[in-house]
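A short worksheet on the structure shown next.
Just follow the structure's listing: the first ligand is 1, and inside any ligand the first atom is 1. In this chain, numbering begins with 1 at the start of the sequence shown.
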Amino acid sequence: MKFLAVLAAVVLFGLVAVSCNDDDDGGGGATGAAADIAEERGLSDADVAAALKTYVPSGQIDEYITFASGGQSGQVHVIGVPSMRLLRTIAVFTPEPWQGYGYGAMETEATLDGGNGEAINGQEPIDLNWADTHHPALSETEGDYDGQFLFINDKANSRLAVIDLRDFATKQLVRNPVAVVDHGGTFVTPNTDWIIEGGQYGTPPQGEFASLDQYKDEYQGLVTFWKFDRAAGRIDEASSFAMQLPPYWQDLCDSGKLVSEGWVFCNSINTELSTGMTHSGEQFEAGTAANETDYLHAINLNKAAEIAAGGGTEQVNGFNVIPLQTSIDEGLLYFVPEPKSPHGSDVTPDGKYVVVSGKLDTHANVYSTEKLIAAVEAGTSDTDEFGVPVLKMEDVLEAQVELGLGPLHTQFDNQGYAYTSLFLDSAVARWSLGGDSTPEGQEPWQLVTTTPVQYNIGHLVAAEGDTVEPDGRYLIAMNKWAIDRFFPTGPLLPQNFQLVDISQGGETMPVLYDSPIGVGEPHYAQMIKADKLQPWLVYPVGTDPGLMAGWDQDPAAAISPNAVLTEQEAGVTRDGKDVTINMTVVRSHYTPDLVEVKQGDHVIWHLTNIETTQDATHGFTIPGYDINVSLEAGKTVTVEFDATQAGVFSFYCTEFCSALHLEMMGYFTVEP
Ligand code: K7E
Ligand code: CUA
C-alpha cells in the first residue's frame, strides 16, 4: 500500500514539472492528465504544487494534529495538517449533544458544574454555559510536547479546562475564585508543573465592589499559577496560587525554558491606569495608548512557589494570593519597559530571549533573559508608582527587529527563523534569530521575507513552534477576516486558517491552503506531530471517563463501580421511590428494553456499552427529557433524573450503529 502511494506520488510529481516562474499560466508546467485538469480548472503551477503538498489520500493520516481554540463556541477543534481536515470538536465549556456532554450524563454534568465555581460573598454562581476560549496548551515534558494533556482558558469567566488526550475528553473545569476575566492563559512550564493564567482587565477581586474612582487603590491585576497534578490528571486547586499585581491589564504570558526556566514573562497594557471616558475623560481606546511604553512583567515563579508553599499568601475567596507588597519585598516581580500596547510574549526555543511586539510599534523587541537575570541581580532603585522595581530597557534589550505594521505573536522553526503575525499588514514576517541560532546565510535579527495572508492575521502556529525543539515544516496563519475568500455566508463570515509552507527557509514561504473555520473565533492553536499522540481506540469495558486519572493509572482503576459488564447483570431494581436500571448496550439492543416506573420516581440509569470494537459507538436518548448520551465502545455512563413527565417514551440509539440501528430501542413507561 505504502509503496503504491509513493509510486503514485512519484508519477504525479513526474507529470507536474513545476516551472521556475510562478505566473498564472493555467498549469503550463504540468503535463499529461494533471496538466489537463490544471488547464480545465485554470490552476497555476503554484496552485498545483500547493494541492500536491496538502492532499492526503483516503486512508492516509495527517502528519500533524492541530488543537485550535474554538473561541466563543467554548470548544476545541482538532484539525489534521497538511490536509486541514476537521477531525473532531472537543466539548469543553459548552454543552455538546453529540458527545453527550451536559445532556444528562452525570460525569459530564459534574465537570460542567465544576466550572461554575463556588458561592462568593454568599452569592451562588450563575450557570455558565459558554466560554471565550483563547489559548490551548499541550502538556510538556522537558519543554517538548508529550501528548498527554491539553489545557485551555475561558477569557470571559476566568476558567481553565483539563482535557485528557487518551480519550480527547474534558476532565476538569476550574473557575478562578479571585479573577473576573483572564487572557494570558493557558501556558505551561517545561514539565507542566504549573499552568499559567495571566490576567486581563483590572478589577477588584471577584464578588467585590469598588467604584472606578478607586481604580488605583481597589482594583488589581493578577496572574495565577495552577498546580497540575500529573498523577491525578487534575489541577490541584489547594496548591495553586495567584499573585496580586498592579491594576495594569496583564496580557499574554509565556514560561521561561532551559536557561530561563523558573521565570515567567507577561506583557501588559494600560499602564496609564485609564478608567474610561466617564472617569478619566478619555475612552479606553485612547486612554490606554497614551504612554510610549508599557511594562513587561518578569516573575520569578520558582521563588513565588516557595513563598506560597511557605504560607506567604493571604486567602481571598478561599484562594491563595501573594499580596503585591510581598512580591516587591521578596523580589518576585520586576518590570521592563516594552513598546506601547504590546501583545505577544514569546520565549525562543533556547530560552535565551523573549520576543514582545507592540501592536502600535513596527518592531519586535527581543529581550535577553540572561541580561534580565543579571539586571535583577544587580538591583535597581527605579520603581513604578506601586513600588515595583523597574529595570532599564537598555540593560535587558538584545535587539529590535523592524517587521512591519501591527506585529502580534511569534513562533519559531528548526532553522533559526522566527515568524511574527502582522495584523495591520496582513502578513507573516519571517525573520532571523541571533545568538547561536542565526540561520545559515543570514544576518542575525533581520527581517528576511513576508508572505501576505488574507486577512488580518491574529495568532500563528508553527509545528511544535513554541517548544524547545520546533519542527518547522508548516505554519498556520489564523486570520480574523475572510472577506472575499469564501462564499459569503451572510454578514457573519468564517475565519480563515491559511496553511503556509515554511520548510524551505530564505525568501520562499508560500500559502498552500485556505480553510474556513465557521465555529467561533479561534485565537491560538498548537500543532503536534501526530505520532506523539497515543489515543485509546476503545475504553476498557466499564470505564467511567470521569475516573480516569494520570497516564500511570492502572486502567482497571477507572472501571466504574456501576459498570454492567454482562447482560446477565442487567435489570431493574426498585427501592422505595428509587428505581435503578442496570443496562447493557450492544449492537443492536438495550438490555433490558422495557423500563416501567411511576410518575415521581427517582431514576438512576447505568448504561455500559459492552462492545470492544473500534468505533462501535451507541447513543441513548429519552424523548422529552432533554437526555442524550454518547456511549463509545466500553464506556459506562450514569443518568439520574426524576420521572416528572408521565407517558410512554420510546428511548432509542442516536448513533447509526448497525443495520438494525432503527430497531435499537426500548420503552420507558411512566405511569401517572
Ligand atoms: Cu486573540 Cu492570544 Cu486572545 Cu492575540 S489573542 S490575536
Ligand atoms: Cu446503537 Cu444505533
Side-chain angles (χ1 to χ4, degrees), residues 68-72 98 100 131-137 152-156 158 181-187 196-201 249-254 266-267 269 341-346 355-359 406-411 420-424 426 428 453 455-461 466 476-481 495-497 517 520-526 583-591 593 607-611 613 615-621 628-633 635 637 650-666:
S69 145
Q72 298 91 331
W98 176 50
D132 185 14
T133 55
H134 276 239
H135 306 106
I152 193 163
N153 72 315
D154 166 17
K155 169 170 170 167
S158 199
V181 292
D182 68 27
H183 190 212
T186 54
F187 297 91
I196 303 163
E197 183 194 22
Q200 182 90 100
Y201 308 119
W249 297 355
Q250 286 76 28
D251 192 44
L252 293 187
C253 299
D254 200 1
C266 305
N267 59 27
I269 45 184
S341 303
H343 195 38
S345 166
D346 298 288
V355 180
V356 175
S357 303
K359 301 186 297 264
L408 299 180
H409 301 287
T410 300
Q411 293 255 306
T420 299
S421 49
L422 303 178
F423 180 83
L424 296 174
S426 285
V428 174
V453 291
Y455 300 91
N456 298 88
I457 177 173
H459 274 273
L460 38 63
V461 56
D466 73 333
I476 298 172
M478 306 174 71
N479 304 315
K480 302 294 187 189
W481 294 53
Q495 303 221 328
N496 187 9
F497 275 18
I517 304 290
E521 181 194 352
H523 288 259
Y524 182 45
Q526 290 196 335
M583 180 172 272
T584 56
V585 182
V586 70
R587 277 165 288 172
S588 303
H589 56 273
Y590 298 100
T591 307
D593 61 8
L607 301 107
T608 301
N609 180 345
I610 56 175
E611 304 251 12
T613 306
D615 211 4
T617 298
H618 299 284
F620 170 77
T621 183
N628 187 49
V629 160
S630 172
L631 291 148
E632 299 93 274
K635 188 167 159 185
V637 157
S650 45
F651 64 82
Y652 70 92
C653 173
T654 51
E655 190 88 18
F656 206 110
C657 54
S658 65
L660 294 177
H661 155 75
L662 296 177
E663 290 77 357
M664 188 165 177
M665 62 82 68

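- Nearest to atom 1 (Cu) of ligand 1 among the protein's heavy atoms is H523 ND1, 2.1 Å.
- Close contacts between ligand 1 and L252 involve ligand atoms 2 (Cu) [criterion: under 4.0 Å to a heavy atom].
- A donor atom on one side chain and an acceptor atom on the other are found under 3.5 Å apart for S658 and S588.
- For ligand 1, the atoms lying closer than 4.0 Å to a non-hydrogen atom of G458 are 6 (S).
- You'll find the ring centres of H183 and H135 inside the 6.0 Å limit.
- Classified by interplanar angle (parallel below 30°, tilted 30° to 60°, perpendicular above 60°), the ring pair Y524/H459 is tilted.
- Under the 30°/60° scheme for interplanar angles, the aromatic rings of Y201 and W249 are found to stand perpendicular.
- The closest donor-acceptor contact from the side chain of T186 to the backbone of P136 lies at 3.5 Å or more, if one exists at all.
- Within the listing of ligand 1, atoms 1 (Cu), 6 (S) sit less than 4.0 angstrom from a heavy atom of K480.
- For atom 1 (Cu) of ligand 2, the N/O/S atoms of T617 include none lying under 2.8 Å.
- Heavy atoms of K155 come nearer than 4.0 angstrom to ligand 1 in no pair at all.
- Counting backbone and side-chain atoms alike, H134 contributes no N/O/S atom closer than 2.8 Å to atom 2 (Cu) of ligand 1.
- Using modelled atom types and a 3.5 Å distance limit, the side chains of E197 and S158 yield a donor-acceptor pair.
- When the shell of 6.0 Å around OH of Y652 is examined, it contains 12 or fewer heavy atoms from other residues, nucleotides or ligands.
- Within H135, the N/O/S atom positioned nearest atom 2 (Cu) of ligand 1 carries the name NE2.
- Atoms of ligand 1 lying under 4.0 Å from any heavy atom of H343, numbered from 1 in the order shown and given with element: 4 (Cu), 5 (S), 6 (S).
- Between the side chain of S69 and the backbone N or O of G71, at least one donor-acceptor pair lies under 3.5 Å.
- Among the atoms of H661, no N, O or S atom falls under 2.8 Å of atom 1 (Cu) of ligand 2.
- Distances from atom 1 (Cu) of ligand 2 to the N/O/S atoms of H618 are shortest for ND1.
- Close approach of ligand 1 to H459 (heavy-atom distance below 4.0 Å) involves ligand atoms 2 (Cu), 4 (Cu), 5 (S), 6 (S).
- Between C657 atom SG and C653 atom SG, the angle centred on atom 1 (Cu) of ligand 2 amounts to 120° (nearest 10°).
- Residue M478 does not touch ligand 1, judged by heavy-atom distances below 4.0 Å.
- Annotation for ligand 1: atoms under 4.0 Å from non-hydrogen atoms of H183 are 2 (Cu), 3 (Cu), 5 (S).
- With 3.5 Å as the limit, one finds no donor-acceptor pair spanning the side chains of D346 and H409.
- With no hydrogens or angles considered, a side-chain donor-acceptor pair links T420 and T410 at under 3.5 Å.
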